[in-house]
Structures are given as C-alpha cells and as structure tokens.
Number of protein chains: 2
Amino acid sequence: MDRPEAYPITYGVLGLLAFWGPMSGYDLKRLFDHALAPMWAAAHSQIYKELRRMQELGWVEMEREEQETRPDRKVYHMTQAGREALAAWQAQPSEVLQLRDELLLKITFGSFAPPAAVAANLRAGIAFHEQRLLQYRQNLQQLPVYQQPRQASGRPNPYASESEEDRYFSLVARFAIAFEKTYLDWLYETLASVEAEKPEESK
Amino acid sequence: MDRPEAYPITYGVLGLLAFWGPMSGYDLKRLFDHALAPMWAAAHSQIYKELRRMQELGWVEMEREEQETRPDRKVYHMTQAGREALAAWQAQPSEVLQLRDELLLKITFGSFAPPAAVAANLRAGIAFHEQRLLQYRQNLQQLPVYQQPRQASGRPNPYASESEEDRYFSLVARFAIAFEKTYLDWLYETLASVEAEKPEESK
DNA sequence: TATATCATGTAATCGGTTACATGATTAA
DNA sequence: TTAATCATGTAACCGATTACATGATATA
C-alpha cells in the first residue's frame with residue numbers, strides 16, 4: 001500500500017528535463033545514455049513509461065510539435081510541481097547501492113573451471129572496462145557540449161548558479177572514472193594471480 | 001525464444017552447493033548473505049525459485065530430512081549435470097556490470113536542492129559504506145569458518161585443490177573492499193567540496 | 001509478554017528488458 | 001540496396017522485491 005509514487009529512474013528523467021529544458025522521449029533517451037549511463041541506465045520503453053507516470057502526477061506537461069516529414073514530436077516540460085518533487089527527492093533517504101556483477105560471481109566459483117577459462121573471463125572484462133573508462137573520460141571532456149540546448153529562461157534554479165550545476169555533474173563523472181580504474185586494477189591483479197598459479201597455461 | 005535456462009543467481013546457488021555441499025534453502029539464504037552479498041544479493045523467495053528451476057533442469061536433487069519439532073528440512077545436493085552446467089557457465093560470456101545507484105543519481109541533480117541537503121545525503125552514504133567496509137573486512141577474516149560444513153567427499157572438483165578454491169573467494173572479497181574504499185574516498189572528497197562551497201552551511 | 005530466530009514456502013506486484021510495430025529519411 | 005537513424009510507442013515476459021502465511025522454540 002505504501003509503494004512510492006516515483007522511483008530513481010523517474011527522477012532521472014525529471015532531472016534531465018530540469019537541467020536541459022523541454023525535450024522529447026527520444027532526446028531523453030540519448031541524453032540518458034550520455035549523461036546518466038554510469039549510474040543508471042534506462043531503455044527507451046522505460047523512459048516513455050516514466051513520462052506517462054509523471055504526466056499523471058502533474059510533474060510534466062506535453063506539447064505536440066507537428067512535423068511534416070516525421071511523426072510529431074511530443075515535447076515534455078517540467079511543471080512547478082515537478083520542480084518541487086525533484087527538490088523533495090533530495091531530502092528522502094536513498095536506497096544503498098547493491099552490486100550485481102556476473103563476472104565477480106563467476107570468478108568466485110572459478111575453481112570449478114580450468115584456470116584458462118577464468119583468465120579468459122578476466123581478459124574479456126579488461127577489454128570491456130578499458131573501453132568504458134576511455135568513453136567516460138571523453139564524456140567528461142564533452143560535458144559542456146550538452147549544455148548548449150539548455151535554455152536559460154530566467155534562471156529557474158534558485159539553489160545553484162550555472163557553474164555550480166555543472167560541478168555536480170563532473171563530480172559524479174569523476175566517480176565513474178575512479179570506479180572503472182579500481183575495477184581494472186583488480187582485474188589486472190587477479191589475472192596476474194591466476195596466471196602465476198599455472199604458468200604453463202599462459203600463452 | 002532464446003531465453004537462457006539459467007541466470008547468474010541460478011549459478012550462485014549452484015556454486016554454493018558445489019562449494020559447501022548439500023543444504024537447505026534456508027542454509028543457502030544465510031550463506032548467500034555472508035559469502036555472495038557483495039556481488040549478488042538474493043531474497044529467500046528467489047532462492048527457492050532457483051532450487052525449483054534447477055530441480056527441473058536436473059542440476060540438483062532434493063532429499064527430505066524429517067524433523068520432529070520443526071518442518072522437514074529439504075536438503076538439496078548437486079548432480080553431475082549440475083557440476084557440468086557450473087563449468088559450462090564459466091565458458092559463456094558475462095553480462096557487464098551496470099551500476100544503478102540512487103545516491104549518485106541524486107548527487108548528479110544536487111543543484112536542485114540546498115547544499116545542506118546534498119551534504120546530508122553524502123553523510124548518510126558515508127555512514128552506510130563505512131559500516132559495510134567494516135563488515136566486508138570481518139567477512140574476509142571469517143572466511144575459513146564457512147569451510148567447516150564442506151564435506152570433502154572424494155575431492156569432487158578436478159580443477160582446483162582446496163586451497164585454490166579459497167583463493168578465488170578471497171580475491172573477490174578483496175575487490176569488494178577495494179570498491180568500498182573507492183566509494184568512500186569519493187564520498188569524503190565530494191562532501192569536502194560541497195562544504196567548501198558554502199562554508200556557512202556547515203555546522 | 002513480546003520479539004527474534006528457526007524453517008519453509010506462496011502470491012502479488014513491478015521495474016526493467018526484450019521484442020514487436022510503423023514509416024520516413026539519409027548515408028554507405 | 002541495405003542499413004542506420006529519426007521518432008514514437010505497445011506488449012509480453014521475468015527477475016527481484018514485498019507481503020502473506022504458518023508454527024515452534026528461545027531469549028529479552
């Protein structure tokens with residue numbers, strides 16, 4: 001009976017609307033992938049669900065933008081109630097992160113497979129996380145690019161100046177990079193440890 | 001149509017049975033909480049589901065242990081097919097970790113709340129993760145405790161000696177600790193940064 | 001007396017994922 | 001010509017969470 005009316009992803013969508021101004025579900029999905037992927041991923045179907053939910057809550061409103069060559073754009077903008085919900089969220093306690101990583105689980109039971117298989121898994125992880133680290137570093141440098149579509153219509157945020165808003169984004173981006181580095185350090189060390197155990201397996 | 005027959009949590013339960021020998025769903029839940037919580041948490045209802053799933057796959061078998069004062073214990077043990085499935089899992093590619101952290105998301109949009117609220121969120125995160133780090137460190141030292149219930153019935157694992165099995169567990173436990181440390185470092189730095197911005201807000 | 005633990009499950013709900021669906025434009 | 005992108009959604013499924021359920025024992 002006490003189900004929350006909104007979830008982290010709801011506020012993720014709402015925050016993007018607050019930060020970058022009105023846009024469509026399609027735009028939101030792309031922004032999500034670039035700006036929020038490190039801490040919360042979302043499929044486009046989920047974003048559309050959240051937009052519908054917030055519309056019912058009165059947190060956003062939709063306006064049709066007619067297009068001749070493509071389907072109409074449904075542009076969503078945040079309402080005053082939405083802004084208040086976003087601020088109220090900050091005062092609520094947060095669910096604490098629970099890792100759910102198949103690779104870690106697999107390595108845990110690595111003793112039930114030949115060491116070469118464990119090493120292969122570690123190498124696959126290294127390849128992926130190296131690429132992601134690279135991408136996060138590029139995102140950090142490209143962050144200002146995404147600020148162009150923001151309309152500065154009368155400074156709607158009473159809590160922070162524009163430069164302070166950016167600070168939070170780059171602070172979290174730095175966490176994402178630190179996390180990937182920690183993960184990679186561990187992967188390399190673990191790989192070395194696994195290969196050291198069976199030197200004849202390494203090629 | 002191509003849904004997998006098993007999921008990471010399935011192999012988590014299977015791995016515990018392989019490692020510690022036959023036990024009940026209740027035992028599995030407790031072991032899960034102590035040994036696998038850092039990389040994959042599970043509710044007891046989920047564990048019972050997985051046991052049913054694996055029974056249908058022929059990966060485990062159940063034997064009733066009658067008890068007078070309590071309900072009968074249903075003790076599950078791994079079959080040969082289960083052992084093969086566990087090994088085959090190691091050769092399959094892994095889903096890559098996707099963080100889903102409400103606190104990070106909240107901080108990202110911290111500019112829509114007063115800095116004191118952001119600082120409060122960071123402090124709550126610090127309190128929780130400090131405690132978790134402590135718990136992980138204790139778990140690492142207590143790891144040998146959980147090895148007592150293991151029955152060494154004819155060395156059923158051809159890939160690793162008993163000491164090597166333990167190595168993987170402590171390797172992953174070390175990751176969990178490294179992760180918590182990275183998270184805490186970031187929390188402290190971010191808190192300092194937020195408090196430095198508005199010195200009159202800090203109390 | 002009341003809470004916690006032992007011990008086992010079922011049922012309902014829901015966020016998240018995957019697949020399905022449409023149709024035009026544009027670049028390889 | 002084929003694939004990708006723009007643009008918008010719906011439907012089905014499922015892992016995971018929460019709540020419901022039972023009943024004895026032990027501890028505060």
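Within every chain, numbering begins at 1; the chains are lettered A, B, ... in the order of the sequence lines, protein sequences first and strands thereafter.
- Rounded to an integer number of Å, the gap from B/Tyr76 OH to C/dA7 P is 15 Å.
- A search for side chain to side chain donor-acceptor pair (under 3.5 Å) contacts involving B/Lys49 returns nothing, not counting sequence neighbours.
- C/dT10 atom P lies 11 Å from atom CG of B/Leu51, rounded to whole Å.
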Every protein N/O lying under 3.5 Å from an N/O of nucleotides 15-18 of chain C:
residue : atom : partner  : partner atom : Å
C/dG15  : OP1  : A/Tyr7   : OH           : 2.7
C/dG16  : OP1  : A/Trp40  : NE1          : 3.4
C/dG16  : OP2  : A/Gln46  : NE2          : 3.0
C/dG16  : N7   : A/Gln46  : OE1          : 3.2
C/dG16  : N7   : A/Lys49  : NZ           : 3.2
C/dG16  : O6   : A/Lys49  : NZ           : 3.3
C/dT17  : OP1  : B/Arg100 : NH2          : 2.5
C/dT18  : O4   : A/Ser45  : OG           : 3.0

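- Residues meeting the side chain to side chain donor-acceptor pair (under 3.5 Å) test with B/Trp40, sequence neighbours left out: none.
- Rounded to a whole Å, the CD atom of A/Gln55 is 13 Å from the P atom of D/dT8.
- Dashed line: the shortest gap from a side-chain N or O of A/Arg73 to OP1 or OP2 of D/dC6 is not under 4.0 Å.
- Using a 4.0 Å cut-off between charged side-chain N and carboxylate O, B/Asp33 and B/Arg30 make no salt bridge.
- Rounded to an integer number of Å, the gap from CG of B/Asp33 to P of D/dA16 is 14 Å.
- Remark: B/His77 pairs with B/Glu61 by the side chain to side chain donor-acceptor pair (under 3.5 Å) rule, at least two apart or across chains.
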Atom pairs and distances, side-chain donor-acceptor, residues 84-91 of chain A, under 3.5 Å, sequence neighbours left out:
residue : atom : partner  : partner atom : Å
A/Glu84 : OE2  : A/Gln80  : NE2          : 3.3
A/Trp89 : NE1  : B/Glu102 : OE2          : 3.0
A/Gln90 : NE2  : B/Lys106 : O            : 2.8
A/Gln90 : NE2  : B/Phe109 : O            : 3.1

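- Close to C/dT8, at under 4.0 Å from its OP1 or OP2, lies no side-chain N or O of B/Tyr26.
- Distance CD (A/Glu102) to C1' (D/dG15): 14 Å, rounded to an integer number of Å.
- An OP1 or OP2 oxygen of C/dT5 is reached within less than 4.0 angstrom by no side-chain nitrogen or oxygen of B/Arg30.
- Rounded to an integer number of Å, the gap from B/Arg52 CZ to C/dT8 P is 14 Å.
- Take A/Tyr76 and apply the ring pair (Phe, Tyr, Trp, His ring centres under 6.0 Å) test, not counting sequence neighbours, and it matches no residue.
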